[in-house]
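Just so it is clear, the model here is predicted, and its values are computed rather than measured. Nothing fancy with the numbering, it's 1 onward along the sequence.
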Amino acid sequence: MKSATRSSHWSRLGKRLLERGWTHRQLADAVLGDLPERLTVTLRRRRALLGLAADASAPLFTDAEGRAVPSAGLERHLCA
């Protein structure tokens with residue numbers, strides 16, 4: 001359930017950013033520091049607990065292992 005909730009949250013965030021003019025490439029290149037901390041505080045905590053990068057330079061969208069999702073796979077990742 002947590003995974004579905006996480007996916008749903010990040011899917012909505014990704015879609016909102018796309019609606020605001022971001023491209024899939026920009027989303028793929030985005031790091032946590034590109035967004036206001038209030039939008040990433042929960043994610044940063046969760047990543048830290050999992051031993052994944054949670055600093056401002058960490059990728060915004062990652063796979064289950066914490067690797068950045070490339071732009072070519074981002075649309076599928078956001079819809080998962």
J.: Cluster partners of Leu52, using ILVMFWY side-chain heavy atoms under 4.5 angstrom, listed by chain and number?
T.: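 Leu50, listed by chain and number.
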
J.: Considering all heavy atoms of both residues, which atom of Ala58 and which atom of Arg47 are nearest to each other, and what is their separation?
T.: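 Ala58 and Arg47 have their closest heavy atoms at CB-NH1, 3.8 Å.
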
J.: List, one per line, each side-chain donor-acceptor pair under 3.5 Å for residues 27-39, sequence neighbours excluded.
T.:
residue, atom, partner, partner atom, Å
Asp29, OD2, Arg25, NE, 3.2
Asp34, OD2, Val31, N, 2.9

J.: Partners of Arg67 by side chain to side chain donor-acceptor pair (under 3.5 Å), sequence neighbours excluded?
T.: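 Partners of Arg67 by the side chain to side chain donor-acceptor pair (under 3.5 Å) criterion, ordered by chain and then number, come out as Asp63, Glu65.
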
J.: How long is the straight-line distance from OG1 of Thr40 back to CZ of Arg45, given to the nearest 0.5 Å?
T.: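 That separation rounds to 10.0 Å.
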
J.: Closer than 3.5 angstrom, by distance alone: can the side chain of Thr23 be matched with the main-chain N or O of Gln26 as a donor-acceptor pair?
T.: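 Side chain of Thr23 to backbone of Gln26: a pair is present.
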
J.: Distance check, rounded to the nearest 0.5 Å: Arg44 atom CZ versus Thr42 atom OG1?
T.: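 It comes to 11.0 Å.
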
J.: As an exercise, state the distance from CG of Leu18 to CG of Leu13, rounded to the nearest 0.5 Å.
T.: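 Separation between the atoms: 9.5 Å.
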
